[in-house]
2 protein chains.
Amino acid sequence: MALSEAILVCLTDRPMSGYDLAKTFDASIGFFWRASHQQIYRELGKLREKGFVKSQEIAQSGKPNRIVHTITPAGAEAVKVWSSKPGRMPSVKDELFVKFYALGSVDMDALKDHLTIRIDQHQTKLSKYRKIQDRYYSGEDQSLNHAGKRIILEMGIKEETSRIEWLQAAMFEITKLEQAGN
Amino acid sequence: MALSEAILVCLTDRPMSGYDLAKTFDASIGFFWRASHQQIYRELGKLREKGFVKSQEIAQSGKPNRIVHTITPAGAEAVKVWSSKPGRMPSVKDELFVKFYALGSVDMDALKDHLTIRIDQHQTKLSKYRKIQDRYYSGEDQSLNHAGKRIILEMGIKEETSRIEWLQAAMFEITKLEQAGN
DNA sequence: TGTGTTTATGCAACGAATTGCATATTCTGA
DNA sequence: TCAGAATATGCAATTCGTTGCATAAACACA
C-alpha cells in the first residue's frame, strides 16, 4: 500500500500534524493519491507503531493541541525500499464507462447530463492545476523535489486536457446517435 | 457501488455463470471497472438475495456444475435507477506520481525502470484495445449497445495513447534532469 | 448574542477489495 | 503417464476506504 509511503514522503518535506497532512492530501499529493483524514489518522497510528514516525504533542493555548509527526531514519529507509520496487498499475473504476457499456439500457438524457458534469469536474481540476503551476512552478527552482512536483503537475495537466477532449468527443458521438434516431 | 450494476449490465447481454462474468471482466468491461472472481461471486450472492438475478444450476457431466445467472425485471429496473443518477469521480491512486512527488528521495534508475514498465503496460493495453476494435467494431452494426461499446473502446484508445505520450515526456524530463547533474 | 466556519483530533461501524487457501475435473502436451 | 493448465466455485482473514458521529475552542459575521 502506498498511502503510508505517501504520508512519509510528505513528512520528508517537513514535520506535520494529521490535520496538515489531510490538507496537503486535499491540495497537492491527493490529486494523485486520494485519502480522507480518517485514513490518514489511522495510518499515522500504524506508522508510529512501526517506528517510521515520531509524534510529539505541542501544547497550544485555546486550540486543541497539535500532534506533530516527524519521519524517522527507519521511515526514510522504508521510503527508499518502497521506491525501488515497481508499483502496480492503477486500478480503473469508472462508472461512466459502465454506463456507455450499457448504452441500450440507460436514459440517454441523464447520460448526457452526467457527461456534462464530468467534463465540468475535469475542467475545474485543470484550472486548479494551472493556478498552482503559475503560482509555484513557473520560477527557477532547480531542486529535484521541486522538479518532481513540476513534472507531475505537467502530467496532470496533459491528462486532464486529453480527458476533456475525448469526453467531448463522446458527447458528440452520442448526440449524433440520437439524431440518427436510434 | 457500481460493481453490482456492472454485473447486471453484463447479464443484460446474456445469462452467464460466475466464471463467464469473471472472464468478461478480464476481457472487456473490466478495462473500465476491475473486479476479481471472488468479488464477483460475493456480489452475485447479494444480487440473488435482492432478487435482481435468478440462478439455476445446470448439470454437466465431468466438469463441476455451472450456475447460470439471469437478470430479473427487478434487476433491469435497478440498472435504470442507477443509470439515472450521476456517478462519482473515479478516485485516483497512482504510485508512480507519488514517486515523482518524492523525486529527491527515490532512486532515479529504479524510477526510470518503473516508467519504462508502465509505458509498456499501457502499450500492451492499447494494442489489446486496437485488436478488439479491428475484430468487432469496424463493421456496420448500428445498435445502441454496439455503439456504446465502440465509443468506450475509442475513449480507451485515446486515453492510453495520450498516457503513453506524457509518460514518455516525463521520461525525457528526468533524463534531462540527470544530465544536468542534479 | 447566536450561527457558522476553521482548526484539530479521533472512534466505531460498515462496506469494499485483496490475498491466500481449498476443492474437483477435463484436457493438453512433454 | 504425469505434470500442469483451464474450467468452475467458493470460504476466511485481513486490509483498505467510507460514513457518521463526537469533542472542543477560536474567530468572523450579522
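Letters A, B, ... mirror the listed sequences (proteins, then strands); counts begin at 1.
- With rounding to whole Å, B:Leu44 atom CG is found 14 Å from C:dA17 atom P.
- B:Arg34 comes within 4.0 angstrom of nothing in the nucleic acid, heavy atoms only.
- Heavy-atom minimum distance, B:Lys85 versus A:Lys99: O-NZ, 2.8 Å.
- To the nearest angstrom, C1' of D:dT9 lies 14 Å from NZ of B:Lys23.
- In the set C:dT9, C:dT18, D:dT9, D:dT9 carries the atom at the smallest distance from any side-chain atom of B:His37.
- For B:Arg88, taking side-chain heavy atoms from C-beta onward, the closest of the listed nucleotides D:dT18, D:dT9, C:dT19 is D:dT18.
- Rounded to an integer number of Å, the gap from B:His69 NE2 to D:dA8 P is 12 Å.
- Distance A:Leu47 CG to D:dT15 P: 14 Å, rounded to the nearest Å.
- If you take CE of B:Met89 and P of D:dG17, they are 18 Å apart, rounded to a whole angstrom.
- Residues A:Arg118 and A:His122 bring a donor and an acceptor atom of their side chains to less than 3.5 Å of each other.
- Side-chain contact between A:Asp20 and A:His69 is absent, with no heavy-atom pair separated by less than 4.5 Å.
- Atoms NZ (B:Lys46) and P (D:dC11) sit 13 Å apart, rounded to a whole Å.
- The phosphate of D:dC16 (OP1 or OP2) has no side-chain N or O of A:Gln39 nearer than 4.0 angstrom.
- Below the 3.5 angstrom threshold, one finds no donor paired with an acceptor across the side chain of A:Glu43 and the base of D:dG17.
- Checked by atom type and distance alone, the side chain of A:Ser55 never pairs as donor or acceptor with a backbone atom of A:Ile67 at under 3.5 Å.
- Projected onto DNA chain C by closest heavy-atom contact, A:Gly18 and B:Ser36 fall at different nucleotides, the more 5' of which corresponds to A:Gly18.
- Distance A:Asp26 CG to C:dT7 P: 11 Å, rounded to the nearest Å.
- The listed nucleotides are D:dC21, D:dA6, C:dA8; the one nearest the side chain of A:Gln38 is D:dC21.
- One can find a donor-acceptor pair under 3.5 Å joining the base of C:dA17 and the side-chain atoms of B:Arg42.
- The distance between atom CD1 of A:Ile67 and atom P of C:dT7, rounded to the nearest whole Å, is 18 Å.
- For the pair B:Val68 and B:Lys93, both in contact range of DNA chain D, the more 5′-proximal nearest nucleotide belongs to B:Val68.
- Checked against D:dT7, C:dA17, C:dG10, the side chain of B:Tyr19 finds its nearest nucleotide in D:dT7.
- In this structure a side-chain-to-backbone donor-acceptor pair under 3.5 Å is present from B:His114 to A:Ser84.
- Within 4.0 Å (heavy atoms only), B:Ser91 reaches no atom of the nucleic acid at all.
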